[in-house]
There are 2 protein chains.
Amino acid sequence: MKARRATQNDVAQLAGVSQATVSMVLSGERGAIPAETFERISAAARQLGYVPNRFAQALKTSRTMTIACMVPDITNPFYPALMRGIQSVSEAQGYDVIAVNTDGSPERERHFLNWSLQGRVDGVIGVFWTLRAEDFRSVVEGGVPVVRIESARKGTGEIPLDNIYVDSRAGSFAMVRYLIGRGHRRISMIAGRGGPQGVRVDGYSAALTGSGGMPDVVLDDQFNEEGGYRAAQVILQRTERPTAIFAANDLMAIGALQALNDAGVRVPEDIAVAGFDDISAARLVSPPLTTVAQFQHEVGIRAAETLMARLKGKFSGEGTAVEMPFSLIERKST
Amino acid sequence: MKARRATQNDVAQLAGVSQATVSMVLSGERGAIPAETFERISAAARQLGYVPNRFAQALKTSRTMTIACMVPDITNPFYPALMRGIQSVSEAQGYDVIAVNTDGSPERERHFLNWSLQGRVDGVIGVFWTLRAEDFRSVVEGGVPVVRIESARKGTGEIPLDNIYVDSRAGSFAMVRYLIGRGHRRISMIAGRGGPQGVRVDGYSAALTGSGGMPDVVLDDQFNEEGGYRAAQVILQRTERPTAIFAANDLMAIGALQALNDAGVRVPEDIAVAGFDDISAARLVSPPLTTVAQFQHEVGIRAAETLMARLKGKFSGEGTAVEMPFSLIERKST
DNA sequence: CTGTTAGCGCATTCAA
DNA sequence: TTGAATGCGCTAACAG
């Protein structure tokens, strides 16, 4: 039942030329082909509905026209927007995007990175929580370029690894400065333990101590609402409550919001709450959450453009680091 | 710099056998190979870090070991969970999943469906808003099985197309019955115009008229919070306000929640609000939203299993239709 | 039991 | 300017 697709051979026969000529014409080598032949071949191809077989192509050229997008967890509301950004430019250049979830675990991150060396993809764009620059060496030197999405400027050593980052530390710093500007003096932070949120805590601490405040950080194992809920409960038991809570990400902030609500604490009147990421739920909760936006879509676009440039050999050597902007979104929770 | 990967030839040489024998052994044909040779070849493969080239394989077998997951928009919080379900079973069977966004538009749905015929994927799992069974004929008959995720039992005609569906009409019916059970008599519905939400409105109307109520449906062009916000505003201007609003999806329900909040209407005391889908934000808003859950993850798993069965030739002919359960999630908004 | 052979569809020499 | 020939790495007959 499977209809055989037309091959270059079929086109060649119909056009009365050799397969090699068809190959030339269809790969756009206008150079030395008379317009008449060119037209005849194009017509034949169109008539037969010819579509190149990418696997034959890949076998011949070792280029797969596929890139991997590796994120910790696609159900985390932060990543889909990033993916769409990546897709929009990759697709336009004829690349397929395949998505993999690493769960942010060292084993899986390493596994898939290695897997990308096995000739399945031409390049990788990813958010890695546990791997360091050195871990990418074999892949990058094996000819598969990697673009990392990061939360801080990172050194790449001599490895030609490209980084796109939003300066989370600065974002965090700005948020705390903003809270201080609104009159808050006692600001507590809640964050996940052992994840990539360290720089956000750093920014918080720096801003606070810079203005004479005392950092107070509560960590929880979970990066999500549950973790935020628990952390906020801890804070509520303090003898001297803070006037503001800054969460390392929106999910935790939302959890905190619930904890405060359940405890009968009004937001923002009694305690202000701020988050980080601007996930879509941030503006849907009540009160809508003040947060730091990162423009995931644009980050994805930039990352894909960088990768495409590498793939086309537009530049090589030297890793790069490009900073993307963040923006403080003021809503009702502060 | 690109290190050439070891091929079967390399393994064969190292093991002192022919390449064909290596192929046999490595594809698991234990049958007729002496343990000694088998061991020698495996050892050589391991030593060389041999990994099969999937493109050569694909070229030879016409099987790509890749499936396409086509959804309207991966940034819609409903789909990522579905995708993970699909991935978990596909990956386990050695298949890659590539994600495409159709935007729910006829052109793009058709485009990608057609594209899947071009030898790039072995099968398709998708949520289609505009295509009808007949549109899948060429693809399915071209040897690429398709599993549709639907919101109602659908006929497939004679086309061997598999459907996995949650009976949205019944879900909607159940929700309205529940509201009626809570004492509501005037229940309005808000929904998107021209999308796939018709069956939900049907269920609503059936339940309401069944108990002597009068359907009141407000449509908006947008399926999201904005649409829900506007629709709720319309309802608030009614001279006789309803006591409950049922939204065709959670995003619209959340928009309605905001409209009510902005208008100073208390939920659920003055007006109850219910949604549909149980997206993650549903339990994060205030008050948490009563809604109908669809277990996207399980639906994804089931869909992938169905596709895998088709791909392995476990069954053929006759399209199937499998119903998946829904569940009413009672929260504070009603 | 194992080796030989013949392509899958294409890009790319090298000749003509 | 075009055609013939080659091989990418693999699978699947078919021989031996």
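Note: hydrogens, waters and symmetry copies are ignored here, and every other heavy atom, side chains too, is used. Worth saying up front: this structure is predicted, and the values here are computed from it rather than measured.
For the pair L26(B) CG and dG9(D) P, the interatomic distance rounds to 15 Å; values are reported in whole Å. If you take CE of M24(B) and P of dC14(D), they are 14 Å apart, rounded to a whole angstrom. Between the CD atom of Q13(B) and the P atom of dG3(C) there is a distance of 13 Å, rounded to whole Å. Here the P atom of nucleotide dT1(D) and the CZ atom of R40(A) are 15 Å apart, to the nearest Å. As a whole-Å value, the separation of N9(B) CG from dC10(D) P is 8 Å. The CD-C1' distance, from Q8(A) to dC8(C), rounds to 13 Å in whole Å. Taking atom CZ of residue R63(B) and atom C1' of nucleotide dG9(D), one finds them 18 Å apart after rounding to whole Å.
Residue pairs satisfying the ring pair (Phe, Tyr, Trp, His ring centres under 6.0 Å) criterion with at least one member in residues 42-76 of chain A, sequence neighbours excluded, are listed as follows: F55(A)-F55(B). Within the structure, ring pair (Phe, Tyr, Trp, His ring centres under 6.0 Å) contacts touching residues 98-127 of chain B (residues at least two apart or in different chains) are F112(B)-W115(B). The ring pair (Phe, Tyr, Trp, His ring centres under 6.0 Å) pairs that include a residue from residues 66-90 of chain B number zero, where partners must be two or more places apart or lie in different chains. Among residue pairs with one or both ends in residues 117-155 of chain B, those qualifying as ring pair (Phe, Tyr, Trp, His ring centres under 6.0 Å) are F128(B)-F136(B), W129(B)-F223(B); sequence neighbours excluded.
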Protein-nucleotides 5-7 of chain D N/O pairs under 3.5 Å:
{"from": "dG7(D)", "atom 1": "N2", "to": "K60(A)", "atom 2": "NZ", "distance (Å)": "2.6"}
{"from": "dG7(D)", "atom 1": "N3", "to": "K60(A)", "atom 2": "NZ", "distance (Å)": "3.3"}

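Checking the phosphate oxygens (OP1, OP2) of dC8(C), no side-chain nitrogen or oxygen of T7(A) falls inside 4.0 Å. Of the side-chain N and O atoms in S23(A), one or more sit less than 4.0 angstrom from OP1 or OP2 of dA11(C). For T21(B) and dG3(C), the shortest distance from a side-chain N or O to OP1 or OP2 is below 4.0 Å. Of the side-chain N and O atoms in T37(A), one or more sit less than 4.0 angstrom from OP1 or OP2 of dT2(D).
Each end of the helix from dC1(C)-dG16(D) to dA16(C)-dT1(D) gets its own axis from five base pairs, and the two axes differ in direction by 50°, given to 10 degrees.
Scored by the side-chain contact (heavy atoms from CB on, under 4.5 Å) test, A133(B) finds R148(B), L161(B) as partners (sequence neighbours excluded). With sequence neighbours left out, E91(B) forms a side chain to side chain donor-acceptor pair (under 3.5 Å) with no residue at all. Residues passing the side chain to side chain donor-acceptor pair (under 3.5 Å) test with R310(A) are D162(A), sequence neighbours excluded. Partners of T64(B) according to the side chain to side chain donor-acceptor pair (under 3.5 Å) rule, which considers only residues two or more places apart in sequence or in another chain, are D122(B). Residues passing the side chain to side chain donor-acceptor pair (under 3.5 Å) test with R302(B): none are found, sequence neighbours excluded.
Using modelled atom types and a 3.5 Å distance limit, the side chains of T7(A) and N9(A) yield no donor-acceptor pair.
Across residues 48-58 of chain B, Y50(B), P52(B), N53(B), A56(B), Q57(B) each have a non-hydrogen atom less than 4.0 Å from an atom of DNA chain D (numbered order).
Under the 4.0 Å criterion applied to side-chain N and carboxylate O atoms, R132(B) and E109(B) are not assigned as salt-bridge partners.
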